[in-house]
Amino acid sequence: MDLITQLQDKLDHLLYVFGTCIGVLQRDAPPSSFFNNPQNQLQPQQNQQLQQQQQQQNQQQHQQQAQPPQPPQPPQSTEEWDAPSKMALQVIETSKVIESYIEKLPGFDKTEDQQYEDLKNLNTQSKQVSNELLSSRKDAIELLKMVKESILYISEESKNEEMEKQPMEQ
């Protein structure tokens with residue numbers, strides 16, 4: 001497998017890992033409260049206003065209908081949830097492999113002008129080979145015509161000789 005294909009495969013794998021990580025985090029992450037989050041950047045006044053609005057909405061809903069029972073909370077495990085760190089390691093490892101493939105690409109260590117010159121030289125070589133191929137094709141077509149003419153001439157000569165022999169036999 002060539003280097004570009006390997007690079008594409010690893011990029012596809014990295015996207016798969018990202019998608020899997022997001023799915024696992026959505027599925028397995030422990031619940032957290034927006035208002036009790038210490039990283040919440042809202043000002044205390046805004047936070048209190050939001051809490052009051054939520055309480056008012058809850059009271060209105062309670063007056064309209066009885067509140068349904070709260071869904072059961074998943075049991076808090078005593079073990080530390082290590083899935084994010086494992087997934088992060090997988091992303092890091094795949095990224096390192098991708099970087100190594102990129103560094104192996106030809107011309108990676110050249111400047112843009114050097115790469116442009118290489119491309120110009122390759123284009124010139126390609127044109128020369130193309131011209132040689134066209135010339136060889138023309139020569140082959142001419143040779144084929146000569147062979148066909150020779151075969152036709154030989155077959156006509158053979159017929160003529162056959163015709164000349166037939167009257168002598170009679």
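Side-chain contact between H13 and Q90 is present, with at least one heavy-atom pair separated by less than 4.5 Å. Between L3 and Q6 the shortest side-chain heavy-atom distance falls below 4.5 Å. Between S135 and N131 there is no side-chain heavy-atom pair separated by less than 4.5 Å. Between M87 and V24 the shortest side-chain heavy-atom distance falls below 4.5 Å.
For D12 and Q8, the side-chain atoms include at least one donor-acceptor pair closer than 3.5 Å. When only modelled atom types and interatomic distance are considered, S126 and N123 share no side-chain donor-acceptor pair under 3.5 Å.
Side-chain atoms of E103 never come within 3.5 Å of backbone atoms of S100 as a donor-acceptor pair (strictly under, hydrogens ignored). The closest donor-acceptor contact from the side chain of T124 to the backbone of K120 lies under 3.5 Å.
Considering all non-hydrogen atoms of both residues, I4 and L105 come closest at CD1-CD2, 3.5 Å. Shown here for K110 and Q115, the closest heavy-atom pair between the two residues is O-NE2, 3.5 Å. Scanning both residues, K10 and T94, for their nearest heavy atoms gives O-CG2, 3.8 Å.
Once rounded to the nearest 0.5 Å, the distance linking CD1 of I98 with CG of L7 reads 6.5 Å. Atom CG of L14 is separated from atom CD of E93 by 12.0 Å, given to the nearest 0.5 angstrom. Of the inter-residue distances, the one linking I102 atom CD1 with S95 atom OG reads 9.5 Å to the nearest 0.5 angstrom. Atoms CD and CG, on Q125 and L122 in that order, are 5.5 Å from each other to the nearest 0.5 Å. The CG atom of L15 sits 10.5 Å away from atom OG1 of T20, with the distance rounded to the nearest 0.5 Å. With rounding to the nearest 0.5 angstrom, the OH atom of Y101 is 6.5 Å from the NZ atom of K104.
A 6.0 Å sphere centred on CD of E112 holds no more than 12 heavy atoms belonging to other residues, nucleotides or ligands.
Clustering ILVMFWY residues whenever any of their side-chain heavy atoms sit less than 4.5 angstrom apart, transitively, puts V97 in a cluster other than the one holding Y16. Neither V91 nor I22 shares a network with the other; the hydrophobic side chains, linked directly or stepwise wherever heavy atoms of I, L, V, M, F, W or Y lie under 4.5 Å apart, form separate groups for each.
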